[in-house]
Asks: 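Below is a structure I'd like to ask you about.
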Amino acid sequence: MKEGFSEFLSLIKEKNEITDVVGSYIKLDRKGYNYWACCPFHHEKTPSFTVNAADRYYHCFGCGASGDVITFVKEYENVEFMQAVRILADRAGLEIPAFDEHESEELALKKQKKDRLRALMKDTARFYLNNLYSGNAAEHLGYLTKRGIAPSTMKKFGLGASLDFHSLPAYLRANGYTAEECVESGACARTDDGKIIDAMGGRLIIPIIDAIGDVIAFGGRLLKKSDRAKYKNTRDTEIFEKSNNLFNINLIKKEKRAGGIPHIILVEGYMDVISLYQAGFHSVGASMGTSLTKSQARMLKRYSENILISYDGDSAGQNANLRGLDILKREGLKVRVVPLPEGLDPDDLIREQGAEGYAACLEKAMPLIDFRILCVRRKYDMQKTEERREFVKEALPIVKEAESETEKEELLKRISKISGVSITALAADLDKVAALPEEKEPQQKPPPQRDADREEKAADFVLCACLFSKPYTNDLDLKEFTFEGDRRTIADYIVKSRLKGRVQPSGIFDELGSDSGALSAVLNVDSGDNLEGESAERYFSDCVRTLKRRELNLKLAEAKEKGDTNEISEIFKELKRL
């Protein structure tokens with residue numbers, strides 16, 4: 001990173017006290033020199049997330065998340081590095097300067113381009129909003145009124161109207177945007193003959209807003225039957241990736257800041273979100289017509305650990321439920337499924353039964369395994385003997401995946417009640433189904449690498465003590481030791497910083513990404529009083545001896561390969577001394 005830009009980043013960190021920034025997102029409690037909280041990046045009941053004010057970094061001893069103030073904003077807000085810098089610069093009242101260096105110029109130009117695209121999308125949203133209330137959008141307003149959407153809700157979501165294919169490009173060009181910017185933003189599209197048109201021409205417009213409040217895309221709905229798709233999203237652009245965003249995440253974030261939210265409801269469509277929000281279910285979002293992704297799951301995890309999947313009550317919706325649950329469960333979220341009446345989506349249910357009807361469905365939310373059996377039940381006619389047997393045949397493999405015998409028994413009782421087959425017969429068949437996987441040979445785990453583990457732990461303690469400039473590390477020259485990968489980077493950073501006078505721990509995040517496993521392991525050493533007192537100093541000396549033995553063993557291997565008996569003899573003497 002060029003010197004000028006590095007200096008500006010240092011200024012950003014200096015002007016944004018890390019405890020103030022982190023404390024504006026989560027509640028911090030001071031204990032001793034550090035601040036503690038439950039980690040915002042994974043669910044936990046006992047705080048293991050610490051913020052070190054003096055050294056300007058945070059670290060979670062549970063999940064390993066760590067970084068400086070820029071990293072925290074980047075990860076918490078789910079934004080790119082330069083967006084995090086922009087947020088913190090605005091917070092401190094700083095302007096991001098232009099730099100002469102080529103690399104910094106590229107960064108500045110990239111930021112400038114994205115800022116232009118965001119400004120264009122904001123102006124486009126205003127244009128659509130004005131259209132809706134211009135007196136020329138009776139069809140759009142009529143549709144919203146028919147769907148029961150109140151004027152206050154329309155404004156809350158910034159709903160708008162595209163009246164044709166040509167007025168938006170003309171408006172944007174008149175406001176100084178180039179044809180290329182109009183197309184690159186996704187607001188406009190280029191026809192085969194080169195003309196620029198409104199990409200959402202003639203549709204009801206739903207702005208898609210990111211977690212920091214910027215309009216980054218649009219959803220559009222046709223008002224009449226057509227051979228065109230009913231719903232359409234802005235294509236992926238430099239400021240919008242559908243797989244990395246969730247509709248209504250901006251209002252979910254506001255709910256979180258206003259107070260804790262018990263759960264987030266995930267639905268399929270924009271109108272489902274809008275209807276539920278209007279009915280009082282504010283912590284609701286949608287994945288915009290795609291299967292959930294790991295990025296979206298991690299985004300949800302920042303706001304609540306409890307997720308309720310509430311898709312359409314039909315086969316397609318049920319299948320989507322199962323796909324969504326899998327990705328969410330793998331990210332450690334607690335997921336339940338909301339069963340809806342056959343053929344109804346959340347918007348339909350709100351209009352037919354009101355908020356009370358939907359709340360009743362939420363009360364019936366069930367775990368994945370129960371919902372999977374319900375899906376199988378819906379496939380078969382229990383009045384027919386053959387279909388009852390098919391139901392049992394398909395349901396039993398699901399039961400075998402239950403985590404406890406109690407859960408299996410409860411599920412068997414339910415299947416027995418549905419099918420009329422006795423629990424005894426079901427249990428006997430279940431034993432046969434459950435026995436099949438046991439035929440596979442268990443994989444043998446390799447024996448633990450004890451020496452390697454001990455040497456790695458020694459390296460982590462030594463590097464951590466040096467990183468935090470403990471007095472007993474002053475005479476140690478890290479250049480004597482061989483480190484690999486990110487540990488080598490950490491050692492080099494410490495050596496380089498010592499030459500400048502002082503090691504600043506937070507500076508390591510400029511050298512390494514916050515997702516470095518080695519850096520996490522090194523920082524994990526700094527827990528409680530691990531680095532303090534005579535016992536820490538003695539342990540440090542033991543770790544240094546371990547690393548010296550490792551260096552001698554490496555030299556011994558080389559000497560043996562060369563057949564140098566004199567060197568081998570000297571190395572053995574040194575090993576014996578150690």
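Along the sequence shown, residues are numbered consecutively beginning with 1.
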Asks: Going by the rule side-chain contact (heavy atoms from CB on, under 4.5 Å), which residues pair with Glu17 if we only count those two or more places apart in sequence or in a different chain?
Replies: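 Thr19, Asp20, Ala53.
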
Asks: Are any of the side-chain heavy atoms of Ile206 and Leu159 separated by less than 4.5 Å?
Replies: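 Yes. Closest side-chain heavy atoms under 4.5 Å.
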
Asks: Find the distance between CZ (Arg298) and CG (Leu333) and round it off to the nearest 0.5 Å.
Replies: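 One finds 11.0 Å between CZ of Arg298 and CG of Leu333.
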
Asks: Over all heavy atoms of both residues, which pair between Ile208 and Gly219 is shortest? Give the atoms and the distance, please.
Replies: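 Here Ile208 and Gly219 meet closest at CD1-N, 3.9 Å.
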
Asks: Check for me whether the distance between the ring centres of Phe72 and Phe41 falls short of 6.0 Å.
Replies: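 Judged by ring-centre distance (under 6.0 Å), Phe72 and Phe41 do meet the cut-off.
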
Asks: With sequence neighbours excluded, tell me which residues meet side-chain contact (heavy atoms from CB on, under 4.5 Å) with Thr178.
Replies: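 Thr178 satisfies side-chain contact (heavy atoms from CB on, under 4.5 Å) with Glu180, Glu181 only.
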
Asks: Can you name the side-chain hydrogen bond (donor to acceptor under 3.5 Å, both in side chains) partners of Lys301, sequence neighbours left out?
Replies: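 Applying side-chain hydrogen bond (donor to acceptor under 3.5 Å, both in side chains) to Lys301 gives none.
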
Asks: side-chain hydrogen bond (donor to acceptor under 3.5 Å, both in side chains) with Lys156: which residues, sequence neighbours excluded?
Replies: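 Counting only residues at least two positions away or on another chain, Lys156 forms no side-chain hydrogen bond (donor to acceptor under 3.5 Å, both in side chains).
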
Asks: Restricting to side-chain contact (heavy atoms from CB on, under 4.5 Å), what partner residues turn up for Thr46, sequence neighbours left out?
Replies: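 Checked Thr46 against side-chain contact (heavy atoms from CB on, under 4.5 Å); zero matches.
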
Asks: What pair of heavy atoms forms the shortest contact from Ala211 to Ile249, and how long is it?
Replies: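 Minimum heavy-atom separation between Ala211 and Ile249: N-CG2, 3.7 Å.
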
Asks: So, Thr237 side chain and Glu184 main chain: donor-acceptor pair closer than 3.5 Å or not?
Replies: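 Not at all, since once roles are kept as given, no pair shorter than 3.5 Å links the two residues.
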
Asks: Output, in order, the C-alpha distance, side-chain angles, deciding distance and verdict of side chain to side chain contact (heavy atoms under 4.5 Å, CB included) for Phe483 and Asp492.
Replies: CA-CA 10 Å; Phe483 298 101; Asp492 289 344; over 6 Å; no

Asks: Working to the nearest 0.5 angstrom, can you tell me the gap between Ser48 OG and His59 NE2?
Replies: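 Atom-to-atom, Ser48:OG and His59:NE2 are 8.5 Å apart.
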
Asks: Are side-chain heavy atoms of Pro47 and Asp29 found at a separation under 4.5 Å?
Replies: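 Side-chain contact under 4.5 Å: no.
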
Asks: Identify the heavy atoms of Thr293 and Ser243 that sit nearest to each other, and give their distance.
Replies: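 Here Thr293 and Ser243 meet closest at OG1-O, 2.6 Å.
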
Asks: Mark yes or no for whether Ser541, through its side chain, and Glu537, through its backbone, hold a donor-acceptor pair below 3.5 Å.
Replies: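 Side chain of Ser541 to backbone of Glu537, a donor-acceptor pair under 3.5 Å: yes, one is there.
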
Asks: Taking the side chain as everything from C-beta on, heavy atoms only, tell me whether Ser497 gets closer than 4.5 Å to Gln504.
Replies: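 Of all side-chain heavy-atom pairs linking Gln504 with Ser497, none is under 4.5 Å.
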
Asks: So, the side chain of Asn250 versus the backbone of Gly213: is there a donor-acceptor pair under 3.5 Å, distance only?
Replies: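 Side chain of Asn250 to backbone of Gly213: no pair is present.
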
Asks: List for me each residue that meets salt bridge (charged side-chain N to carboxylate O under 4.0 Å, His left out) alongside Asp68, sequence neighbours excluded, and say none if there are none.
Replies: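 If we apply the salt bridge (charged side-chain N to carboxylate O under 4.0 Å, His left out) test to Asp68, skipping adjacent residues, the hits are Lys13.
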
Asks: Report yes or no: do Thr482 and Glu551 form a side-chain donor-acceptor pair below 3.5 Å?
Replies: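 Judged by distance alone, the side chains do pair up.
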
Asks: Who passes side-chain hydrogen bond (donor to acceptor under 3.5 Å, both in side chains) against Arg487, sequence neighbours left out?
Replies: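 Here the qualifying residues are Asp460.
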
Asks: Show me the donor-acceptor pairs, under 3.5 Å and distance only, between side chains in residues 86-96 and residues at least two apart or in other chains.
Replies:
unit_1, atom_1, unit_2, atom_2, d
Arg86, NH2, Asp214, OD2, 3.1
Arg91, NH1, Asn16, OD1, 3.2

Asks: So which heavy atom on Asn306 is nearest to which on Pro262, and how close?
Replies: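 Closest pair (atom of Asn306, atom of Pro262, distance): ND2-O, 3.1 Å.
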
Asks: Would Glu255 and Tyr303 count as a side-chain hydrogen bond (donor to acceptor under 3.5 Å, both in side chains) here? Give the steps.
Replies: CA-CA 9 Å; Glu255 286 293 308; Tyr303 301 102; over 6 Å; no

Asks: State, to 0.1 Å, how close Gln278 and Thr153 come at their nearest heavy-atom pair, and which atoms those are.
Replies: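 In terms of heavy atoms, the two residues are closest at OE1-OG1, 2.7 Å.
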
Asks: Does Thr473 use its side chain to pair, donor to acceptor, with the backbone of Ser469 at less than 3.5 Å?
Replies: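 Flag not set: sc Thr473 to bb Ser469 has no pair under 3.5 Å.
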
Asks: Please report the closest heavy-atom contact between Ala536 and Tyr472, naming both atoms and the distance.
Replies: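 Distance-wise, the nearest heavy atoms are CB-OH, 3.9 Å.
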
Asks: Using ring centroids (six-membered ring only for Trp), state whether Tyr277 and Phe157 fall under 6.0 Å.
Replies: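 Yes; Tyr277 has its ring centre under 6.0 Å from that of Phe157.
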
Asks: Quick one: do Val544 and Phe481 satisfy side chain to side chain contact (heavy atoms under 4.5 Å, CB included)? Show the steps, please.
Replies: CA-CA 9 Å; Val544 170; Phe481 303 110; 4.2 Å; yes

Asks: Got a second to check how far Lys122's NZ is from Ile216's CD1, nearest 0.5 Å?
Replies: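 The distance works out to 14.5 Å.
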
Asks: Would you mind reporting whether Ile265 and Leu362 have side-chain heavy atoms less than 4.5 Å apart?
Replies: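 Side-chain contact under 4.5 Å: yes.
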
Asks: Just checking, any donor-acceptor pair under 3.5 angstrom between side chains of Gln296 and Ser287?
Replies: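 Ser287 and Gln296 do not have a side-chain donor-acceptor pair below 3.5 Å.
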
Asks: Between atom CG of Leu547 and atom CD of Glu455, what is the distance when rounded to the nearest 0.5 Å?
Replies: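 Interatomic distance, Leu547 CG to Glu455 CD, rounded to 0.5 Å: 7.5 Å.
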
Asks: In a check of ring pair (Phe, Tyr, Trp, His ring centres under 6.0 Å) between Phe49 and each of Phe61, Tyr58, Tyr25, Trp36, which one passes?
Replies: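 Single pass found, and it is Tyr58.
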
Asks: Do Leu463 and Leu467 come close enough that some side-chain heavy atom pair is under 4.5 Å?
Replies: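 Not touching, per the 4.5 Å side-chain cut-off.
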
Asks: So, taking the atom named CD1 in Ile70 and the one named CD1 in Ile18, what distance separates them when rounded to the nearest 0.5 Å?
Replies: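 It is 10.0 Å, given to the nearest 0.5 Å.
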
Asks: Between Tyr493 and Val503, does the side chain to side chain contact (heavy atoms under 4.5 Å, CB included) criterion hold? Intermediate values first, please.
Replies: CA-CA 8 Å; Tyr493 170 75; Val503 182; 4.1 Å; yes

Asks: Who pairs with Tyr76 by side-chain hydrogen bond (donor to acceptor under 3.5 Å, both in side chains), at least two apart in sequence or on another chain?
Replies: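 For Tyr76 there are no side-chain hydrogen bond (donor to acceptor under 3.5 Å, both in side chains) partners, ignoring immediate neighbours.
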
Asks: Which pairs, with at least one residue in residues 469-484 and sequence neighbours excluded, count as a salt bridge (Lys or Arg N to Asp or Glu O under 4.0 Å)?
Replies: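 Residue pairs passing salt bridge (Lys or Arg N to Asp or Glu O under 4.0 Å), neighbours aside: Lys470-Glu532.
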
Asks: Can you check side chain to side chain contact (heavy atoms under 4.5 Å, CB included) on Ile252 and Leu246, steps first, answer last?
Replies: CA-CA 10 Å; Ile252 289 175; Leu246 287 164; over 6 Å; no

Asks: Below 4.5 Å, heavy atoms only, C-beta onward: do Val522 and Ile508 meet side chain to side chain?
Replies: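 Heavy-atom side-chain distance check fails, nothing below 4.5 Å.
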
Asks: Judged by atom type as modelled, is there a donor-acceptor pair below 3.5 Å linking the side chain of Asn245 to the main-chain atoms of Asp210?
Replies: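 Answer holds: no.
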
Asks: With sequence neighbours left out, write down each residue that passes ring pair (Phe, Tyr, Trp, His ring centres under 6.0 Å) with Phe468, or none if nothing qualifies.
Replies: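 Residues passing ring pair (Phe, Tyr, Trp, His ring centres under 6.0 Å) with Phe468: Tyr57.
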
Asks: Distance from Arg116 atom CZ to Ile239 atom CD1, nearest 0.5 Å?
Replies: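 Going from the CZ atom of Arg116 to the CD1 atom of Ile239 covers 12.5 Å.
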
Asks: Of Arg118, Lys113, Lys114, which is the lone residue that meets side-chain hydrogen bond (donor to acceptor under 3.5 Å, both in side chains) with Glu238?
Replies: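 Between Glu238 and the candidates, side-chain hydrogen bond (donor to acceptor under 3.5 Å, both in side chains) is satisfied uniquely by Lys113.
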
Asks: List the residues meeting side-chain contact (heavy atoms from CB on, under 4.5 Å) with Arg538, not counting sequence neighbours, and say none if there are none.
Replies: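 For Arg538, the residues satisfying side-chain contact (heavy atoms from CB on, under 4.5 Å) (neighbours in sequence not counted) are Glu534, Ser535.
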
